[in-house]
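Contents: one structure, followed by commentary.
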Amino acid sequence: MHRRIIAPGALAAASLLLAIPASAASYSPGAPGIGDPYYPYYGNGGYDVSHYDLRLRYQPRTDELQGTATILARTTQDLSRFDLDFLLNVSEVRVNGAKAGFTHSQQHELVVTPKTPLAKGTPITVVVRYSGVPSAKSAYGFTTWHRTPDGAVAADEPEAAWWWFPSNDHPSDKATYDVSVAVPDGTQALSNGTLQSTDSRLGWTRYSWRQTKPQATYLATLAVGRFDITTGTSEGGVPVVNAYSRDLGDNDGAARASVERTGEIVDWLSGYFGPYPFASAGGYVPNTTTGYALETQTRVYYSPKQFAKGANASVVVHELAHQWYGDDVSVKDWKDIWLNEGFATYAQWLWSEHEGEGTAQELADYVYASHPADDPFWKVKPGDPGADNQFDDAVYDRGAAALQALRNTVGDKAFFRILKGWPKAHAYGNASVADFERYAEHVSGKPLAGLFDTWLFQPSKPAASAARAASPARAGAAVARPRSWQKIEAAHGGHGH
Ligand code: ARG
Ligand code: ZN
């Protein structure tokens with residue numbers, strides 16, 4: 001869902017072009033990637049999706065997923081064929097009602113050839129019928145489909161959709177969603193947004209969820225299992241739906257004591273980031289074993305591992321902060337990941353201060369002092385970490401320290417205006433690190449190129465004088481580890497798949 005402003009002149013030129021039959025030579029295949037420098041085959045060229053309608057059925061016993069995806073899109077070039085990112089077996093593809101040719105190529109590309117070529121700017125409806133056992137599929141040697149004793153979960157980053165629906169899998173093409181999944185009675189199906197209906201017949205119950213705000217593909221989630229679902233409304237009026245696997249065992253209390261604070265934390269974060277951008281909030285804790293949580297839009301995925309040492313509201317703060325920084329405003333390319341992780345970590349620092357477990361400055365001092373200059377930590381550039389280091393500690397911790405340096409440079413007033421103004425400036429859209437730099441300079445009225453270069457783009461430890469980032473460390477004093485540290489770090493939870 002891209003917003004484009006079309007100049008009147010361009011419109012006139014376009015209608016002129018439409019009047020002349022385009023030569024067949026102008027029709028070309030859509031690119032197999034959308035142009036992300038880190039992941040050349042992620043997303044696709046030639047079209048832009050506005051809506052996904054997924055009507056599915058899942059059998060936990062056999063891990064069989066089947067159904068139909070109806071994709072509404074618009075072509076952005078004269079298209080002879082186009083790709084979708086998808087791994088499961090496809091039995092039929094229709095484009096605008098007519099059967100289309102299709103084949104799997106590369107590692108995760110479904111190549112679709114419509115019966116007749118598609119002119120640029122045409123609305124298209126693509127229907128894909130499919131079935132498969134997602135856990136049996138791998139691409140590049142990994143899977144992100146997590147089976148559990150009672151079901152399965154799709155939640156990963158930077159990719160997860162290939163295992164459960166065909167898509168233009170890149171955050172720069174956001175869309176709205178209707179996800180309707182039938183599961184055996186006694187089992188629940190969770191997804192993003194608001195539960196529209198449940199319908200039981202012949203031993204199956206269908207759960208229909210709706211996401212009415214633009215959502216990146218990696219933020220779409222599906223969870224099937226035996227869940228206890230709780231509902232409520234935050235004091236500020238945000239509806240909350242949480243779910244807990246019935247098999248969390250010893251982690252059950254700690255999981256609930258953390259995730260049940262969702263409403264309180266959403267309201268608290270609104271004070272820093274502005275109004276909550278979506279119609280629903282919440283999280284779910286299935287009985288998976290991943291080390292990470294994920295900011296799946298409106299319905300955060302948590303791993304029980306994060307609550308193995310006790311309640312951790314800090315992880316909830318991290319994932320809910322992403323609802324503004326990551327979900328409402330999404331990266332343009334994956335190299336912009338600092339806009340997600342640096343800010344979600346900084347929200348944890350603010351929470352630590354709120355809880356009296358260490359101030360943001362103390363946390364910045366600790367990050368600075370605990371990594372000596374020769375630590376490889378400083379080699380990672382948070383502003384362009386590389387695909388292999390997308391979720392490195394440096395993106396989170398040095399990334400948050402960069403924000404503390406910004407705060408010290410522009411002062412609290414301008415800093416908190418920037419934090420609150422940014423989600424509004426790019427609501428439901430995409431933005432880059434360079435866009436943020438320009439925005440911070442605009443709001444603060446200060447030149448900040450040197451500061452951002454030092455903290456985000458140099459493969460070395462910033463000098464202690466760099467924006468007063470580390471006061472005690474500068475004096476050579478020992479820096480105590482803030483009490484919140486372990487809980488904050490639990491949000492990173494493993495960097496690989
Ligand atoms: N965005 C997630 C978080 O910070 C991290 C996901 C890491 N992904 C992974 N496959 N390890 O909460
Ligand atoms: Zn994060």
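Please read all numbers here as calculations on a predicted model, not as lab measurements. Whatever order the structure lists them in is the order used to number ligands and atoms, beginning at 1.
Using a 4.5 Å heavy-atom threshold, the side chains of Leu65 and Tyr58 count as touching. Residues Tyr52 and Ile71 are in side-chain contact: their nearest non-hydrogen atoms beyond the backbone lie under 4.5 Å apart. Counting only heavy atoms from C-beta outward, the side chains of Trp145 and Trp162 never approach each other to under 4.5 Å.
No side-chain N or O of Glu355 forms a donor-acceptor pair with one of Ser484 less than 3.5 Å apart. Using modelled atom types, one finds no donor on one side chain facing an acceptor on the other under 3.5 Å when comparing Tyr244 with Asn251.
Smallest separation of non-hydrogen atoms from Ala373 and Trp378: O-CD1, 4.0 Å. A pairwise comparison of heavy atoms in Ala313 and Arg261 identifies CB-NH1, 4.0 Å as the closest pair.
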For Tyr276 and Trp324, what are the C-alpha separation, side-chain angles and deciding distance, and is it a ring pair (Phe, Tyr, Trp, His ring centres under 6.0 Å)?
CA-CA 7 Å; Tyr276 181 71; Trp324 286 263; 5.6 Å; yes
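For Phe343 and Trp338, the ring centers sit closer than 6.0 Å to each other. Side-chain rings of Tyr140 and His108 approach one another, their centers coming within less than 6.0 Å.
Any N or O atom pair closer than 3.5 Å counts here, and Leu294 shares no such pair with ligand 1. Between Tyr396 and ligand 1, at least one N/O pair is under 3.5 Å apart. Residue-to-ligand polar distances keep His492 apart from ligand 1: every N/O pair is separated by 3.5 Å or more.
If you number the atoms of ligand 1 from 1 as listed, the ones under 4.0 Å from a heavy atom of Glu295 come out as 1 (N), 2 (C), 3 (C), 12 (O). Annotation for ligand 1: atoms under 4.0 Å from non-hydrogen atoms of Asp156 are 8 (N), 9 (C), 10 (N). Close contacts between ligand 1 and Glu341 involve ligand atoms 1 (N), 2 (C), 3 (C), 4 (O) [criterion: under 4.0 Å to a heavy atom].
Using a 4.0 Å cutoff on heavy atoms, His322 counts as a contact of ligand 1.
When non-hydrogen atoms are compared, ligand 1 lies under 4.0 Å from the side chain of Glu319 (C-beta onward) but not from its backbone. Under 4.0 Å from ligand 1, not a single heavy atom of Asn340 appears.
Annotation: protein N, O or S atoms under 2.8 Å of the Zn ion (ligand 2) (waters excluded) comprise His318 NE2, His322 NE2, Glu341 OE1.
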